[in-house]
Amino acid sequence: ITDSLVHADFCEINLEKIHSFIVPLKFEGKAKGVDLGGALETYISTVELKGKPLDIPNDVSLNVSGLNINDKLTLGAIALPENVEMGSNPKTVCVSVVK
């Protein structure tokens with residue numbers, strides 16, 4: 001076994017065709033419910049987005065600062081850029097504050 005490269009495949013994607021991409025989900029802010037003794041639970045760390053490759057962001061963010069104890073946010077709460085659609089189920093709970 002050596003560290004030398006034996007084979008490499010290169011792939012070109014059509015920039016005008018819609019594709020599906022898995023993008024990291026980042027949570028911003030500190031939930032109000034955490035200050036009141038709750039715990040922030042995250043259930044999903046990535047989302048599927050559909051769109052042209054150059055329209056897809058590197059990651060998407062969700063602000064959790066408004067969450068109180070027993071509140072939750074779904075993937076539908078994520079603001080997406082124009083020409084980008086949610087590929088994952090928008091009713092899926094991605095974060096909540098539990099007691």
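Predicted model only: the values in this text are computed from it and were never measured.
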Result for side chain to side chain contact (heavy atoms under 4.5 Å, CB included) between Leu25 and one of Thr46, Thr42, Leu75 points to Leu75
From [X] atom [atom1] to [Y] atom [atom2], the distance as rounded to the nearest 0.5 Å:
X: Leu54; Y: Leu15; atom1: CG; atom2: CG; value: 5.0 Å
X: Leu49; Y: Ile18; atom1: CG; atom2: CD1; value: 12.5 Å
X: Leu73; Y: Leu62; atom1: CG; atom2: CG; value: 5.0 Å
X: Phe27; Y: Ser65; atom1: CZ; atom2: OG; value: 13.0 Å

Minimum heavy-atom separation for [X] and [Y], please, with both atom names.
X: Asp71; Y: Asn68; value: OD2-N, 2.8 Å
X: Lys91; Y: Thr74; value: O-CG2, 3.6 Å
X: Glu85; Y: Leu80; value: C-CD1, 3.9 Å
X: Ile78; Y: Ser61; value: CG2-O, 4.2 Å

Can you pull out every side chain to side chain donor-acceptor pair (under 3.5 Å) where at least one residue sits in residues 31-41? Sequence neighbours excluded, please.
Lys30-Asp35, Glu41-Tyr43
Name all pairs fulfilling the side chain to side chain donor-acceptor pair (under 3.5 Å) condition that reach into residues 6-15, sequence neighbours left out, sorted by first residue then second.
His7-Asp9
Report whether Val60 and Ile44 are members of the same hydrophobic cluster (ILVMFWY, side-chain heavy atoms less than 4.5 Å apart, transitive linking).
yes
Scan for salt bridge (charged side-chain N to carboxylate O under 4.0 Å, His left out) pairs involving residues 49-65, sequence neighbours excluded, and state none if there are none.
Glu16-Lys52, Lys26-Asp59
Keeping the roles fixed (side chain from Ser88, backbone from Glu48), state whether a donor-acceptor pair exists under 3.5 Å.
yes
